Amino acid sequence: MRIAALAGLLALLLPPTTTPAPRLLAPGSSWQSPIPGAPVVRPFDPPPQPWLPGHRGVDLAARESTTVHAAGSGDVVFAGFLATRSLISIAHPNGTRTTYEPVHPLVAVGDRVATGDPIGRLLPGHNNALHWGLKHGDNYLDPLALLTSTRVRLLPT
């Protein structure tokens with residue numbers, strides 16, 4: 001009981017690890033899906049706190065060896081193995097970072113990529129899917145927010 005109460009108290013005191021997509025994402029033509037047309041097989045499901053389980057990205061269905069493209073322009077800041085996973089990370093000018101795994105890199109650290117450039121080939125090992133992540137600072141965001149624009153319209157009463 002004490003652990004549950006402590007966890008509840010911490011949840012109230014600590015900031016969440018996820019936030020709504022900030023305006024700086026500017027969804028639209030400057031971003032694209034890393035695998036155009038691929039269906040989402042596992043959606044973004046962030047944990048309410050950093051230490052809890054969740055899904056900090058989306059999984060896009062694809063076959064092994066499928067070409068993976070840069071979702072937006074930026075600089076490759078990581079391309080290789082992290083622990084047992086092969087991944088690519090791209091820093092974008094708006095302060096966000098996208099990640100792609102498991103991917104055999106076709107790019108190297110320091111390479112500049114444009115939206116749609118091939119960056120790698122999908123490897124086996126993630127249930128026939130690409131895990132695509134998006135982060136701004138310490139906050140995980142839903143990468144699908146890059147692809148859609150939500151218009152707010154006031155309707156007459």
Side-chain angles (χ1 to χ4, degrees), residues 7-8 10-105 107 113-153:
L10 285 172
L12 293 172
L13 297 175
L14 295 174
T17 59
T18 60
T19 58
R23 284 205 174 292
L24 59 90
L25 292 183
S29 62
S30 62
W31 299 96
Q32 74 166 43
S33 172
I35 303 177
V40 174
V41 292
R42 187 170 177 202
F44 182 64
D45 182 23
Q49 297 299 330
W51 59 86
L52 296 174
H55 193 239
R56 296 166 175 89
V58 298
D59 291 348
L60 304 175
R63 294 182 180 186
E64 182 179 342
S65 298
T66 296
T67 300
V68 177
H69 304 271
S73 62
D75 297 314
V76 177
V77 293
F78 189 87
F81 279 89
L82 181 63
T84 60
R85 302 175 302 189
S86 181
L87 65 96
I88 298 169
S89 183
I90 299 173
H92 304 282
N94 63 3
T96 60
R97 184 176 291 204
T98 52
T99 56
Y100 314 81
E101 65 172 289
V103 177
H104 173 75
V107 293
V113 294
T115 303
D117 283 354
I119 58 170
R121 300 230 183 264
L122 187 64
L123 293 170
H126 194 70
N127 299 321
N128 295 320
L130 171 74
H131 178 82
W132 178 32
L134 174 65
K135 205 171 176 188
H136 184 262
D138 290 333
N139 296 311
Y140 290 92
L141 305 171
D142 183 349
L144 295 177
L146 296 170
L147 307 179
T148 58
S149 177
T150 304
R151 287 187 154 178
V152 175
R153 292 187 182 173

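The shown structure was predicted, so the numbers you read here are calculated from the model rather than taken from an experiment. Any value given below was found using the heavy atoms of this structure, including those in side chains, with hydrogens, waters and symmetry copies removed.
Leu146 contributes atom CG, which lies 8.0 Å from atom OG of Ser30 (distance to the nearest 0.5 angstrom). We find the OG1-CG distance between Thr67 and Asp117 to be 12.0 Å, quoted to the nearest 0.5 Å. Rounded to the nearest 0.5 Å, atoms CZ (Arg42) and CG (Leu60) are 13.0 Å apart. Residue Thr98 holds its OG1 atom at 13.0 Å from NZ of Lys135, rounded to the nearest 0.5 Å. Taking CG of Leu134 as the reference point, atom CG of Asn139 lies at 10.0 Å (rounded to 0.5 Å). The structure places OG of Ser73 at 7.0 Å from CH2 of Trp31, a figure rounded to the nearest 0.5 Å.
Relative ring orientation between Trp132 and Tyr100 is described as parallel, the plane-to-plane angle staying below 30° on a 0-90° scale split at 30° and 60°.
Heavy atoms only, all atoms of each residue included: Ala70 and Val113 are closest at CB-CG2, 3.9 Å. Listed here is the closest heavy atom pair of Gly72 and Thr115: CA-OG1, 3.3 Å. Between Gly57 and Pro143, the shortest heavy-atom distance links the atoms CA-CD, 4.3 Å. Across all non-hydrogen atoms, the minimal contact from Ala129 to Val41 is CB-CG2, 4.0 Å. Taking every heavy atom of both residues into account, Ala61 and Ala38 meet most closely at O-CB, 3.3 Å. The nearest pair of heavy atoms linking Glu101 to Leu87 is CB-CB, 3.7 Å.
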- Task: Please step through side-chain hydrogen bond (donor to acceptor under 3.5 Å, both in side chains) for the pair Asp59 and His126, ending with a clear verdict.
- Result: CA-CA 9 Å; Asp59 291 348; His126 194 70; 3.1 Å; yes
- Message: Show, in sequence, the C-alpha distance, side-chain angles and deciding distance for His131 and Arg85, and conclude whether the side-chain contact (heavy atoms from CB on, under 4.5 Å) test is met.
- Response: CA-CA 11 Å; His131 178 82; Arg85 302 175 302 189; over 6 Å; no
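Counting only heavy atoms from C-beta outward, the side chains of Val107 and Ile88 approach each other to under 4.5 Å. Side-chain contact between Leu122 and Glu64: absent, with no pair of heavy atoms (C-beta onward) separated by less than 4.5 Å. Under the 4.5 Å side-chain criterion, counting only non-hydrogen atoms from C-beta, Ile90 is not in contact with Asp75. Ser33 places a side-chain heavy atom less than 4.5 Å from the side chain of Leu147. Val76 places none of its side-chain heavy atoms less than 4.5 Å from the side chain of Ile119. His92 is not listed as a side-chain neighbour of Arg97, based on a closest heavy-atom distance of 4.5 Å or more. Residues Phe44 and Leu144 are not in side-chain contact: their nearest non-hydrogen atoms beyond the backbone lie 4.5 Å or more apart. Residues Ile35 and Thr66 are in side-chain contact: their nearest non-hydrogen atoms beyond the backbone lie under 4.5 Å apart.
Judged by distance alone, the side chain of Thr96 and the main-chain N or O of His136 form no donor-acceptor pair under 3.5 Å. Between the side chain of Ser89 and the backbone N or O of Val77, no donor-acceptor pair lies under 3.5 Å. Distance alone, capped at 3.5 Å, places no donor-acceptor pair between the His69 side chain and the Pro34 backbone.
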